[in-house]
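Chain A is the first sequence line, chain B the second, and so forth, proteins listed ahead of strands; every chain is numbered from 1.
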Amino acid sequence: MFTTGSKFYLGISTLAAIVSVVFLITNDQVALGCVALLGLMVSAGIIAGASLASRDGGDTENATTSAAADPAPTSSIWPLALTLGLVVLIIGIITEPLVFVIGIGVILAALAEWLVQSWSERASADGKFNALARKRILNPLEFPILATAITGVIAVSFSRIMLAVSKDGSAILFIVIATLILVAISLFSLKPSIRTTTVAAIATVGALGLVAAGITTFGIGEREELVIAAEEGHYSHQECGEEKSKYYDKHVERTVSSKSGVIATVILKDGELTAQVLGIGEGQKQITVPRANPTSILFQNLDDTEHRLTAYLGEKPVAEGVTEDDLRCTQMIGKGGKQVLTVMIKKPTFAEGPYTLTVPGIEGTSIEMIVP
Amino acid sequence: MMSKAVEEIKEPTVKKRNPRRVVAGLAGLSGALFLASCAKNAPQDTWQPKGENAQKIDDLQRPVFAIAGVVGLIVLVAVAVVIFRFKDRGQPIPHQTHGKPVFEITMTVIPALILAGVGVFTARTVFDLAKTDDTEMIINVTGQQWWWEYDYPVQDGISAPIISSGQLVIPVGTKVLLRETSRDVIHSYWIPALNGKRDAVPGRVHTLRLEADEPGIYAGQCTEFCGLSHANMRMEAVALSKEDFAKWVDAQLAAYQSPTEGLAKEGEAVFIAQCSRCHQVNGLENANGDPIISAPEENVLAGAAPNLTKFMSRNTFAGATWDLLNKTCRDNVWNATSEEFGAKYLAGVSAECLNVADLRDWLRNAPAKKPMYADPTKLADTGGLTRGMPNLNLTEDDIDKLMAYLLTLK
């Protein structure tokens with residue numbers, strides 16, 4: 001009695017009617033949603049009626065000769081992938097722009113795959129030719145993208161492992177994994193007759209092992225040293241007093257900045273600060289710093305204990321009517337260590353000065369920074 | 001019809017160059033270039049050293065050029081001989097030989113020895129020019145688009161910091177060490193008569209030695225392309241006798257004198273309202289008696305604008321691109337004898353000597369006079385900051401007042 005098409009639309013109409021009743025019960029007043037649902041019920045009902053009247057799908061002759069009678073297309077994962085992409089996209093709108101971009105990428109990839117697959121299945125009556133046509137079009141795109149994605153996943157997994165294990169352990173692990181890869185590749189090259197599937201299987205197992213280890217270590221988190229370092233924020237040099245960070249870069253003098261052209265070298269020796277100024281010489285208690293220009297000063301600690309150099313750059317507003325000392329400082333530097341301190345002073349000395357360089361914990365010695 | 005068609009199809013005529021004309025043209029060009037070296041008014045001539053460091057360079061470059069010239073001449077003559085002697089006259093191809101070891105080794109060893117000799121003297125000069133341990137005075141030089149700032153730290157003979165721009169003032173016979181840096185892009189400092197060039201690089205301090213033998217003005221030019229007005233980023237080094245330099249220092253450190261009345265007083269108000277946002281004049285105070293501190297870092301991309309404290313003690317403005325002195329007075333200073341130069345320079349700029357036309361143009365619309373990206377429609381690219389001085393849309397009345405005020409800054 002009911003044709004295939006009419007069954008579908010009758011179902012939609014009935015579902016819309018039920019939902020609209022539930023909607024009416026759960027909402028105090030008739031809302032736009034109820035109007036829409038009732039509209040859906042009516043319109044689906046009209047189409048179902050038209051389908052019944054025209055006996056849609058009841059024509060047995062057309063059912064065997066029309067295009068609709070062609071074999072059903074092969075199963076495809078791309079509609080599913082498209083849906084997944086849409087979900088990721090929506091999550092990205094709410095959360096992170098990166099997730100949104102990934103969603104767009106998945107959608108575009110799924111659409112491209114689905115469209116080409118759909119086209120190729122109708123390219124000819126020969127299934128093998130159709131499959132070849134699909135490969136010819138998509139493989140040049142699929143392989144590089146897939147290879148990039150796999151490489152990225154492996155790299156991220158590897159980095160998670162490196163960040164989770166201890167500093168020394170990471171070095172050993174790196175050597176071990178690199179050696180294993182080298183040995184495996186050497187063995188493969190010595191045995192040209194080895195089957196491709198065997199090589200692929202070993203590579204897949206290795207890659208999956210790496211990814212699994214990456215996921216596990218991601219769950220464990222970074223090693224304690226890195227977590228504390230991030231919490232202390234020592235890279236931003238927040239602490240300019242006598243306090244000592246638990247973790248800090250012990251080799252700051254190896255950084256490129258310490259090799260840069262500096263306006264002066266400030267030396268702490270026997271509890272006394274002096275400046276070695278280019279062109280003037282040692283023992284200076286005053287240095288001239290250009291206004292509104294980042295200027296590098298090299299701090300060298302020749303005392304036995306660790307110290308840092310702190311620059312006082314006037315006051316800075318922190319809230320309405322509230323100011324605090326504007327300080328810049330190096331990290332704690334051990335004996336013989338050096339670190340560059342870059343300062344920028346926007347106002348001349350007579351406006352906000354005096355600007356000074358001091359060492360927290362050592363009183364009575366300082367270098368004056370003159371800004372003309 | 002046929003013959004007419006054949007007549008029309010002719011071989012394309014190739015216009016043959018007259019070799020004599022080509023040779024004459026090349027000779028004329030070479031002659032003009034050669035005569036250009038005889039120019040008298042060439043303040044940036046690299047062959048006229050006026051100081052110890054430039055002399056060292058000159059002592060090196062003259063023999064090197066001579067050697068290079070002789071080698072070049074030999075090569076040219078050899079090429080010419082080969083071209084004319086062995087040109088194609090229909091003779092049979094001569095017997096082909098492969099290599100002549102003795103000749104080849106000789107022709108390798110001789111240039112190597114020449115280069116080694118030149119290299120030794122070059123290295124010695126480079127190290128001589130890099131010396132800093134005999135410095136008698138230091139001056140900080142900061143480049144920015146498109147002007148140079150000079151500040152003199154406290155040192156022997158200078159009791160408080162001095163800041164200036166455009167003209168570098170140094171004492172004669174004194175080993176001055178410039179400590180160069182930059183606020184924005186790479187610039188290069190070059191006063192050919194006093195030394196070679198040295199780059200001013202952001203975040204780095206480079207040194208350059210200067211020493212002038214005689215009082216006078218020595219012109220220079222930024223030699224590292226630094227943006228739209230690179231060609232307008234000039235500089236002048238002014239060498240004064242030691243006595244005159246001491247006078248200059250005293251004048252620079254003299255207290256600010258606020259005009260008491262008249263157009264200059266009104267100009268001071270215009271300056272405070274329009275110019276002091278970027279330009280510092282040390283000693284200038286507001287109505288409450290508080291010092292006015294400029295904030296160029298809030299208005300200019302480079303973070304600085306010239307300090308105009310003793311503006312009329314200089315002879316140039318706008319990155320030494322224009323003279324503050326009119327032509328007559330400028331020539332009077334530039335052509336002064338060594339004995340007279342100091343007094344003439346220290347007189348500064350008077351109302352009679354002021355280059356009114358260029359300074360008025362500058363105040364009227366600076367970016368129209370010197371390209372500086374100061375286009376208000378493009379400020380979004382730099383976060384609202386201008387490169388160089390913007391057009392302040394001053395009225396002619398305001399410009400009159402400002403000119404009167406600026407003349408008091410001596």
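Note: A:Asn293 CG to B:Glu149 CD = 9.0 Å, rounded to the nearest 0.5 Å.
Residues B:Gln280 and A:Pro372 form no side-chain contact, since every pair of their non-hydrogen atoms from C-beta on lies 4.5 Å or further apart. Within the 4.5 Å cutoff, side-chain heavy atoms of B:Pro161 are placed close to those of A:Ile370. Put simply, the side chain of B:Gln155 does not reach to within 4.5 Å of the side chain of A:Gln286, judged on heavy atoms. Counting heavy atoms from C-beta on, the side chains of A:Phe350 and B:Ile293 come closer than 4.5 Å.
Counted within 6.0 Å of NZ on A:Lys316, heavy atoms from surrounding residues, nucleotides or ligands total more than 12; the atom is thus considered enclosed. Around NZ of A:Lys346, the count of heavy atoms belonging to other residues, nucleotides or ligands within 6.0 Å does not exceed 12. Atom NZ of A:Lys269 has 12 or fewer neighbouring heavy atoms from other residues, nucleotides or ligands inside a 6.0 Å radius. In this structure, B:Asp156 places its CG atom where only 12 or fewer heavy-atom neighbours from other residues, nucleotides or ligands lie under 6.0 Å away. Other residues, nucleotides and ligands contribute at most 12 non-hydrogen atoms within 6.0 Å of the CZ atom of A:Phe174.
When A:Arg291, A:Glu352, A:Met344 are compared by the number of non-hydrogen pairs under 4.5 Å with chain B, A:Arg291 comes out ahead. Each of B:Gly303, B:Ala302, B:Ser294 has some count of heavy-atom pairs under 4.5 Å with chain A, and the biggest count is that of B:Ser294.
What you find for B:Arg179 and A:Val277 is that their closest heavy atoms are NH1-CG1, 2.7 Å.
With a threshold of 4.5 angstrom between heavy atoms, B:Pro153 approaches chain A through its backbone and through its side chain. Contacts of A:Ile263 with chain B are made by both backbone and side-chain atoms, with heavy-atom separations under 4.5 Å.
With B:Val205 as the partner, the side chain to side chain contact (heavy atoms under 4.5 Å, CB included) test is satisfied by one option alone out of A:Leu278, A:Val262, A:Thr295: A:Leu278.
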